[in-house]
Asks: 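Have a look at this one before I ask anything.
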Amino acid sequence: QFVESDDDEELLFNIPFTGSVKLKGVLVMGEDDGTHPAEMRLFRNIPHMSFDDTAREAEQTFSLNRDPLGELEYPTKIARFSNVYHLSMHFPKNFGAETTKIFYIGLKGEWTEAHRHEVTICNYEASANPADHRLEQITPQTHFIS
């Protein structure tokens, strides 16, 4: 089983995570021919990324070697990929074929549970409204200075 591009050699994968990931390495396995991807670009935390969004600068770019057995691990810059909740992988070109085939993508790293906070609705007063803070035991007194 494999994933193959449609019309050209470009492939784009959007991978959402259920927690926060510290991505340390990536493995890519393809055929030992021209359909193997030749370049991989990684983007972090861009949900619903499309091919139009791939024009922006990637967090990290790799030149890939043919790896039909999935033995080569490409280390990521851990400082850039320490808090990933969504990973986009763009494969812009291959080794000369019309389409690109990928058999396996392996991700190496550490997963931690996401700390998702619910929305908190707060009201803040720029200055206190005395009508909202009446106290019965305090009688207001006014002092006039002339």
Asks: List for me each residue that meets side chain to side chain contact (heavy atoms under 4.5 Å, CB included) alongside Met49, sequence neighbours excluded, and say none if there are none.
Replies: Asn14, Phe43, Ile46, Asp53, Thr54, Ser88
Asks: Check whether any side-chain heavy atom of Phe91 sits under 4.5 Å from a side-chain heavy atom of Ile105, and report yes or no.
Replies: yes
Asks: What's the spacing between His90 NE2 and Leu11 CG if we round to 0.5 Å?
Replies: 8.5 Å
Asks: Got a donor-acceptor contact below 3.5 angstrom from the Arg44 side chain to the Phe81 backbone?
Replies: no
Asks: Could you give me the CA-CA distance, side-chain angles and deciding distance for Leu42 and Phe62, then say whether side chain to side chain contact (heavy atoms under 4.5 Å, CB included) is met?
Replies: CA-CA 8 Å; Leu42 299 180; Phe62 297 93; 3.5 Å; yes
Asks: Hey, any chance Ile78 and Phe17 share a hydrophobic cluster, counting ILVMFWY side chains that come within less than 4.5 Å of each other, even indirectly?
Replies: no
Asks: Over all heavy atoms of both residues, which pair between Ser82 and Ser20 is shortest? Give the atoms and the distance, please.
Replies: O-OG, 4.3 Å
Asks: Without hydrogens or angle criteria, can the side chains of Glu9 and Thr100 be said to hold a donor-acceptor pair below 3.5 Å?
Replies: no
Asks: Under the criterion side chain to side chain contact (heavy atoms under 4.5 Å, CB included), I'd like the reasoning laid out for Lys108 against Val26: C-alpha separation, chi angles, the key distance, then a yes or no.
Replies: CA-CA 6 Å; Lys108 181 180 176 184; Val26 179; over 6 Å; no
Asks: Closer than 4.0 angstrom, basic N to acidic O: yes or no for Glu39 and Lys93?
Replies: yes
Asks: Quick check on Glu4: does its CD atom have over 12 non-hydrogen neighbours (other residues, nucleotides or ligands) under 6.0 Å away?
Replies: yes
Asks: Tell me, which pairs form a side-chain hydrogen bond (donor to acceptor under 3.5 Å, both in side chains) where one or both residues lie in residues 22-36, sequence neighbours left out?
Replies: Lys24-Glu110, Asp33-Thr35
Asks: What verdict does the side chain to side chain contact (heavy atoms under 4.5 Å, CB included) test give for Lys101 and Val3, after you've listed the backbone C-alpha separation in whole Å, the side-chain angles of each residue and the deciding distance to 0.1 Å?
Replies: CA-CA 6 Å; Lys101 286 184 185 178; Val3 174; over 6 Å; no
Asks: Kindly give the heavy-atom pair with the smallest separation between Pro37 and Val28, and that separation in Å.
Replies: CG-CG1, 3.9 Å
Asks: With the side chain counted from C-beta on, respond yes when Leu107 and Leu87 share a heavy-atom pair under 4.5 Å apart, and no when they do not.
Replies: yes
Asks: Is there a chain of hydrophobic side chains (I, L, V, M, F, W, Y, each step under 4.5 Å between heavy atoms) that links Phe13 to Leu23?
Replies: yes
Asks: I want to know whether Phe103 and Phe2 have ring centres closer than 6.0 Å.
Replies: yes
Asks: Under a 4.5 Å side-chain heavy-atom rule over Ile, Leu, Val, Met, Phe, Trp and Tyr, are Leu27 and Ile102 clustered together?
Replies: no
Asks: Quick one: does Asn83's side chain have a donor or acceptor within less than 3.5 Å of a partner on Val21's backbone?
Replies: no
Asks: In this structure, are over 12 heavy atoms from other groups packed under 6.0 Å from Glu98 atom CD?
Replies: no
Asks: When you group the ILVMFWY residues by side-chain heavy-atom contacts below 4.5 Å and let the links chain together, are Ile15 and Leu12 in the same group?
Replies: no
Asks: Considering non-hydrogen atoms only, spot the tightest contact between Glu10 and Ser5 and give its length.
Replies: O-CB, 3.3 Å
Asks: From His86 NE2 over to His48 NE2, what is the distance, rounded to the nearest 0.5 angstrom?
Replies: 7.0 Å
Asks: Enumerate the residue pairs fulfilling side-chain hydrogen bond (donor to acceptor under 3.5 Å, both in side chains) with a member in residues 63-72, sequence neighbours excluded, ordered by first and then second residue.
Replies: none
